[in-house]
Amino acid sequence: AGGLDVGNGAQWHLVNRDDGRLVVLPAAVTGNRETQADPTLPAAVRDCVPPDRRRLSIAGLALRPAAAARPHRLYAANEAAPRSIEVYDLEPGGGDDAPLLSWRGCVRFPDDTLPNAVVALAGGGFIASSFHDPRDTPAAFRRLARGEPVSSLWHWDPAAGLRRVPGGPLAGANGLA
């Protein structure tokens, strides 16, 4: 589970689905672009700067299960500036050891988007929703209250990059499955 709390730092929790135990991930996240860039990710993802955990505002998470002998890939929708989908590797801990979260890069979103929900796709891509244009929040919420569309969907894949999904706008895209 993530934490949407701009300015107070994201809280990272894992829930063990077998016994319901809650594990709080450590405050530190390993990784920087000089030493931890994942060579399997496109250059645009590797060129991001690791986020300041005190400024993260995580609205949605998606976990892509690990392939053989690789860590899980975690995508986190960050609503704090610069708005992005942050990309992490998640390795389970052994016994009482906490899992390890390693930052690997990010996909930056345009200024007129607010990444909200994210779903991991096969092949390393994802679909993400943008709830509204954050430069016009009060007006966007008035339009939402009238049932008017203010949201959009975005698709990212390693080969083609980030692009808006045709067919929008949508009204209040606040979750994906």
Side-chain angles (χ1 to χ4, degrees), residues 1-12 25 29 31-34 36-64 72-90 101-144 148-177:
L4 180 62
D5 193 8
V6 175
N8 291 315
Q11 297 295 312
W12 296 82
L25 290 174
V29 175
N32 62 61
R33 70 177 179 197
E34 288 80 23
Q36 301 293 326
D38 183 337
T40 66
L41 293 173
V45 176
R46 294 190 316 262
D47 288 342
C48 292
V49 174
D52 179 348
R53 284 284 302 272
R54 296 167 299 182
R55 294 283 310 142
L56 278 176
S57 181
I58 303 301
L61 297 169
L63 184 67
R64 190 180 73 207
H72 301 296
R73 181 67 34 103
L74 178 68
Y75 300 93
N78 182 17
E79 291 189 349
R83 292 172 184 90
S84 58
I85 300 296
E86 300 293 332
V87 182
Y88 297 89
D89 282 346
L90 178 63
L101 191 64
S102 302
W103 182 83
R104 293 297 185 223
C106 77
V107 176
R108 298 254 173 123
F109 271 61
D111 290 342
D112 65 345
T113 61
L114 187 69
N116 184 268
V118 60
V119 173
L121 301 175
F126 61 79
I127 299 284
S129 65
S130 170
F131 192 61
H132 64 81
D133 182 342
R135 299 172 303 177
D136 193 22
T137 297
F141 278 99
R142 286 192 297 275
R143 288 195 305 277
L144 274 171
E148 297 174 14
V150 297
S151 303
S152 57
L153 289 180
W154 294 78
H155 177 234
W156 181 84
D157 71 63
L162 184 66
R163 61 191 183 281
R164 187 184 298 258
V165 174
L170 307 168
N174 191 26
L176 297 170

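Here, residue 1 is the first one in the sequence, and each next residue gets the next number. All values derive from a computational prediction rather than experimental measurement.
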Using only atom types and a distance under 3.5 Å, with no angle test, would you say the side chain of [X] pairs donor to acceptor with the backbone of [Y]?
X	Y	value
S129	A117	yes
S84	V107	no
W156	P158	no

Non-hydrogen side-chain atoms of [X] and [Y] separated by less than 4.5 Å:
X	Y	result
R73	L90	no
N78	I85	no
V165	W154	no
R64	F126	no
L170	L153	yes

Could you please spell out the steps behind the side chain to side chain contact (heavy atoms under 4.5 Å, CB included) verdict for R108 and L162?
CA-CA 9 Å; R108 298 254 173 123; L162 184 66; over 6 Å; no

Taking all atoms of both residues into account, what is the closest heavy-atom pair of [X] and [Y], and its distance?
X	Y	result
A173	S151	N-OG, 2.9 Å
P115	A59	O-CB, 4.3 Å
Y75	G124	OH-O, 3.1 Å
A62	A120	CB-N, 3.6 Å
A76	I58	CB-CD1, 3.8 Å
V118	A77	CG1-N, 4.4 Å

With rounding to the nearest 0.5 Å, note down the distance linking OG1 in T137 to NE2 in H132.
4.0 Å

Single hit among T113, D112, D111 for side chain to side chain contact (heavy atoms under 4.5 Å, CB included) with F109:
T113

Under the side-chain hydrogen bond (donor to acceptor under 3.5 Å, both in side chains) test, which residues partner N116, sequence neighbours left out?
E79, N174

Sorted by chain and residue number, the salt bridge (Lys or Arg N to Asp or Glu O under 4.0 Å) partners of R143 (sequence neighbours excluded) come out as D136

Begin from the C-alpha positions of V150 and D133 and carry the test side chain to side chain contact (heavy atoms under 4.5 Å, CB included) through to its verdict.
CA-CA 7 Å; V150 297; D133 182 342; over 6 Å; no

